[in-house]
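A, B, ... follow the sequence lines: proteins, then strands. Residue 1 opens every chain.
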Amino acid sequence: MISVPCPWCDERNSAEFRPAGESKKRPDVATTTPEEWRTYLYTKSNLADWVTETWYHRAGCRRYFAIERHTVTNDIRTSRLPAAQIRLKESRG
Amino acid sequence: MAESRRLTPQPGEVIDRSSPITFRWEGDSYQGFTGDTIVSALAANGVDIFSRSFKYKKPRGVLSATFHDPNCTVQVDDEPNVRGAHRQLQTGMVVSPENVWPSLKFDARSANQVVGRFLSAGFYYKTFMKPAKLWPVYQKILGRFAAGGITRADAEHGYYDKRYIHVDVCVAGGGPAGMAAAITAADAGKSVLLVEEEYDLGGHLRYGSADELAALARLRAQVATHDNIEVMTNSVVTARYDMNWIAVIQRQPGISVKGHEIHERLCKVRTGTLVVAAGLIERPYVFEGNDLAGVMLSTAVRRMINLYGVLPGSRAVVLTANPEGDACVDNLIRVGASVTVVDARTGGNVVRAKGGKRVKSVELADGRTIECDLVVTAIGWTAPVPLLNMAGDRPVYDKTAARFFPTDRVAANVLVAGALTGDGTTSELIAHGAAIGAQAAGSPVDVTALARVAHPEMYRSTTHGIVDYSEDVSSKDMVAAKKEGYDSIELVKRYTTVTMGPSQGKLESVNAVAIMAEAHGVKDLNEIGTTVWRPPYVPITLGALGGRGFENTRFSPIQPWHEAHMARPLVAGDWIRPEHYGNPAAEVTNVRTNVGLIDVTPLGKLDLRGADVPRLLNLLYVNKWLKLPVGGVRYGVMCAEDGVVMDDGVTGRLSEHHYMMTTTSSGAATVWEWVENWLQTEHPEWEVHCTPVTTGYASINVAGPRSRQLLRRLVENVDLSNEAFPYMTVRQGTVAGIADCFMWRIGFTGELSFEIHVPAAYGLHVWERLMDSGQDLGIGAFGVEAQRIMRLEKGHFIVGQDTDGLTVGYGADLDWCIKLDKDDFAGKPELVWQSQRSNYQRLVALQPVDPTVVPAEASQLVEGTKSIVGRVTSSRMSPTLNRSICLGYVEPRLATPGTVVTCQLPDRSRVQLTVMNGLAHVDPDGSRMKV
Amino acid sequence: MPTTAIARSPIKPVAPVAVVDGWEVSQRRSTAALRLSDQTPRAKVMAKADANGAFAAAHSTAFGVARRIGDCIEVGSDPGGWLTIGGVGQASALIEAAADAVATAGEFVTVIDLTHGRALMRLTGAHSVGLLNKICAIDLSDAVTPNLSAFRSSVAKLVTDVVRDDLADGTRSYLLHCERSSGQHLFDCILDAGAEFDIDVDGWS
Amino acid sequence: MAVNGSNAGTAGTTRPGKPTAKYRAKYSAFSLIKHGLTKGDWPRAWRQHELRKHYDVVIIGAGIHGLATAYYLATNHGITNVAIVDKSYVGSGGSGRNTSIVRSNYLTPEGVRFYDRSVKLYEDLSADLNFNIMFGQMGHLTLAHNDSSLRTMRWRAEVNKLEGIDSEVIGPDDIKQIVPYMDTSDQTRYPILGALFHPPGGTVRHDAVNWGYARGADLRGAEIHQQTEVLGITTDRGAVTGVDTSKGHIATGTVVNCTAGWASLINAMVGLKMPLVTHPLQAAVTEPVKKFLNAVVVSGSLHVYVSQTDRGELVFGASTDPYASYSMRGSLEFTEELAGHVLELMPSIAKMRVLRQWAGLCDMTPDFSPIMGFTPVKGYLVDVGWGTYGFKAGPVSGEQMAACIAMQRVPELISSFDLARFAEGRLVGEKGAAAVGH
């Protein structure tokens, strides 16, 4: 059982979380094309390397957050709030 | 029964001679002592043979006298594959040999020994190919040779549980090094878990010299003084997973729960540091006859003599290449056995052992043949490296010391102590363990590495013999496999099954590697490498892994009433719901004519507050929400980003900035996470607070023409008239004296109906008051089945039944609901593109031409012999129309009302269905529910 | 058929049963060393606000800790979420109290009554640690979860809020708190795990 | 494109050294006895070769898909100048780690036809390969614990029947007949309401299939290069020109990616990204006990499938790990869940012991269907996206990919598994009722 550092709850067993996969930016629905949209829906980098993923702490604080995890060792090197929340914080100073 | 082989009391013996135990073996009654293992007790009674080998059915006796002795696996009562050389004797045990047919003394299949030469490894790959239809017959015969014990369909599950442990240091192995490591770590104030496979701490000291026994006593005393050391004996660290997640199996922990003895307990340990102090395992020698009963490892002999006071044989030949072998010679002489020493260090060697049921003589390299009843080998060691392997290490072979050693590739939070790292005296081992323990505690210490003492490389003699005892694989089999091209250790393992058996390669692996090296003509075992050790280090029962069942079961506050009224329980995920109360059709009719109550508490409810809720709803649902007035209720459908229908329900506006969203019962959790996802990762700037209140309210749907009449008797401060409280609106008020209820007028059943949401603790109270007050109105409860029938009569689809993982919005007849002129909403792009296509199947209402036929749900709509043009997704007999009705999907060209389609039923008969106009079978214009 | 409203917990009360303050509760008294009692009738009010905003600043209770305020206990149960557990029937009072704070906060704050939506129980006794270690993966040592620490995690595979709230005499005690309809399940799982320590059910007081 | 009729025709003769008579040694009861008496050595099942400068086709991955592709290229199309390269040994990936279940009771007609072809090939494979793959068609049960899964089982059964596949929904009593150990009472937490019974389903010996195809491909001229890792793929103006390996460069116009869990890493070598996510799939085996389970039992709701080998071991598998990973180290939580669920089905085997657990890598696609055929890179073909059902599809995939390469067009049987379907929103219907279903 790997241990996942939640930005709010610290280290917890991975079973407490729902991994939501590689973090992606949602295309602008006004201008998106089928190719772009379905790439967003389906295509993954699936690297054997460090990847940025979104996880949801289902059995804990119920917060979404982003981690950098190595898909070979399962080591996790960073854990932070979702990008949108960071942008909001910055915008509010 | 043969003569007793029990010796006079031995120093350090673990049996209690004052406490005899009676048990049964092969139907006969035997006696042993408390502290005996099954095998030591039988051996004391003169029993030599405990099993028959897997393939050739040869008689097998004690080899290592440890848990992983491949020859001592027995059946105990209804427990298969018990390690007889480890499991302690218990009063009344019924023990029987496994893998014998008809009996241990004579096994008919031992004829295989004669035809063995034709049964080379993997022979079954080379025959039985034709005729194919005969293979099942061959397969049955092969099955006869399956090893192992028996299970019973009616065997007791027994009691198993689990435990989490958090410690600073976990020590695997309670020998001198492990004990010393635990003590120093504990001295440094760390919490320590000390795990030992045997029943007592001590490792090899337990069957050692007087000095070793004295050292053991001192170590045990020190361990006992630390209350920050938890000692687990008869327990094993079975695996190390990422981030030092450690599995420890505690066998028969001696804990009684509700009259059950816990059989095994799985402990899941998160430890700062794992100290591996697993010691060494003595390695068998490969030579002809090495699997005869009476051919033993030196440590097995010492265990039998010193721990159990059993004489393993009186005329012994000991092949020794190390001090432990010499100690074994001393032990044998001490107990009066005649011993012939064959010293491998001066060129002595064993060529082959001969005998029948037990070894009778042994042929030596110098040409001598010696009559004997015991052949002992002490030719070297296997380093038990699986835990290190699981921690990323790939141990390296050292020719000088003739065994594998760990490297620095092992994970940083895993340390290795004791004999795994080198050789030393008792005090040197203790010193090394102590230093590693200090290191584990974070103290900066210089660890003096243990020396690697030279040891002769001895794997195979000049003859071929058994490498894997539990699989009956010989060195000859391996050489043949190599020649056939199965030349890597992994391939030969898979082809011959060497190391794949119940002893998991603990005894065989290094011999297997050495045989491969020999076959390849390479001198360095590293060129062959080792196989990757996989968890668990020792087998774990399914019971321990499963532990206690924690499957959640959710009940509505009204459950006591349902049970009292014989509701048939329906398992709906976590929820237990009333399917019906005896007659669903009558329940339907009652709702259509009088008034009925259904408990819809599991309906998902999300309390949404804040100024931006309308924007959230507009984003989640395919329809529009910006103009919903206070007191208004609207039905909405959610699609995922791929346009697939995800959930539906009604949402009402209770006040300016307060909304209540309902979801399907099964979708409640998913929708909540979906909402949070949008709020947290896309629109954190929005002012919305979302709180799940599904079970904060008991939800009761009051449906039927007389529902208003009923509610007027119990509802305060709400005008229930159609004018004041019209269809698709919500009101808050007091019901049966309970304030803070809200109710909305919706029509899932198609009747005039009010869905009342009551603070949960009062759910039963309100339900009972409603039932009580409605007697004269013919009130009755209805269950999920009646509700399903009524919604089908009304043509409302059920997400997940009338839609599937590919049903994109328009396919579910949602054209009226989807608003593409909204700037944005979940799944919009896919719906836009779908709206420009027409090649998707349509959801339609269907009615069988023969009104008495109810097609099974999932029956396929077909054209010709096999072309599928749609399917039935919902199907019931309608009590209201007194005919069968369906929902289903058809190809667009068949979606025109009036089209007749063919449906193939499960019995392959075919019936005609008519495509209807609109989805509703009953009251299409909804007049009944809007009164 | 009684017409006076009776409030009921999702956990079936063990005999003797009586109605106290409008709630059907068990009157059983246990002096066992390890006890579990249903505390569902207690008021539970949740306030939500920006985790780093003015309201949060005004509240000294940080996420992951609990604070005693009179006979209430305020729990930093979520990032930007504060759950107050009070006496029976105190919900409206607590909401009003919070309302003032909301008014002064000058930011988006909401308060919601969860009394009916949650099951609450108290586990008391030295062995409560050993018991919880069988069904919860969180480290319950003083170093990690001292008295008045709070966390949400999986207990018997159920998402549960846990507040360590030792008794005045120092006896280990935990408040466990889950979604209402699973209350009986959690209660039963705790009793099952506690059988080894001779756990007993204590009534409402 | 290097492969064309003439080239293929000569390909067989371009390889050095014809097979020797000894090398051709046929397996049979007779030859077993002969070797037993003479104590002679068996010839190598497949040989070792020096890596050559050019091959008509380079197949990456010596698992069942790669080996079968090579075998059918030779047997069906006479294309033998073929190299199968693998970074490890034959069958070291998913082909040697799966739970070797074979069935064709899928949901969609295209899925059913495809897997039915595979079952048919499996039925004759021992004879075709002259290698006993031990295909035991003991029958396959997919349990339903709730209305919706029961509905899905019937959906599959009805589609299967229309496709001529033997599948039927049966009730608890019939299930008890087939598996006496099963708790079919209504006293369990998730009572068994019924099951999809698929008599032709069963298990094979996975290693035997790998070795049989390896031997068969080798016998017909294809070269198997173990311990030969692909480091890069060279292209020129959007077309494949060769493969760089740990043992040197190979010139070729045709490369086939048969690397399952590692497929994305090979795709990246030609700059392609696909809808693939690699998830570990955990499996475990118990100690042997006397035979008591005479069917493959699957429970989608409980995420478990189990069968008993001829050796008496129970072999388990579960659903894939929840997060993407290339780790094959195995995880404890899987075995815990699995054991718990197995005991819900068969409570009386609690005392059986798990002997070994391992993980394989699964390249999951969004619609639980593979990606097969050509790609935007000329000469670069894929046979990927096999998720958890690659083994049962091995023979038919090899046959169809071989045809695809030789004919230079996509065979009808795999036409719905094209890469373009994702961008064009034509996902395969297996997603319609996705659940664990091995």
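- Residue contact with chain B, scored on non-hydrogen atoms closer than 4.5 Å, is absent for A:Ser23.
- Among residues two or more places apart in sequence or in another chain, the salt bridge (Lys or Arg N to Asp or Glu O under 4.0 Å) test is passed with B:Glu682 by none.
- Neither the backbone nor the side chain of B:Asn244 comes within contact range of chain A; no heavy atom of the residue lies under 4.5 Å from a heavy atom of that chain.
- Chain A forms more heavy-atom pairs under 4.5 Å with one residue of B:Asn677, B:Thr681, B:Asp242, B:Val832 than with any other, namely B:Asn677.
- Salt bridge A:Asp75/A:Arg77: absent, no basic N to carboxylate O contact under 4.0 Å.
- By the 4.0 Å N-to-carboxylate-O rule, B:Glu673 lies close enough to A:Arg18 to be salt-bridged with it.
- Interface remark: B:Ala247 contributes no atoms to any contact with chain A (heavy atom separation under 4.5 Å).
- Ion pairing between B:Arg240 and B:Asp393 fails under the 4.0 Å rule for side-chain N and carboxylate O.
- Residue A:Pro27: no heavy atom, backbone or side chain, is found under 4.5 Å from chain B.
- The parts of A:Ile2 that come within reach of chain B are both its backbone and its side chain, each placing non-hydrogen atoms under 4.5 angstrom from that chain.
- With a 4.5 angstrom heavy-atom cutoff, A:Arg38 touches chain B only via side-chain atoms.
- Here B:Glu551 pairs with D:Arg189, D:Tyr190, D:His341, D:Glu344 under the side-chain contact (heavy atoms from CB on, under 4.5 Å) rule; sequence neighbours left out.
- By the 4.0 Å N-to-carboxylate-O rule, A:Glu11 lies too far from B:Arg270 to be salt-bridged with it.
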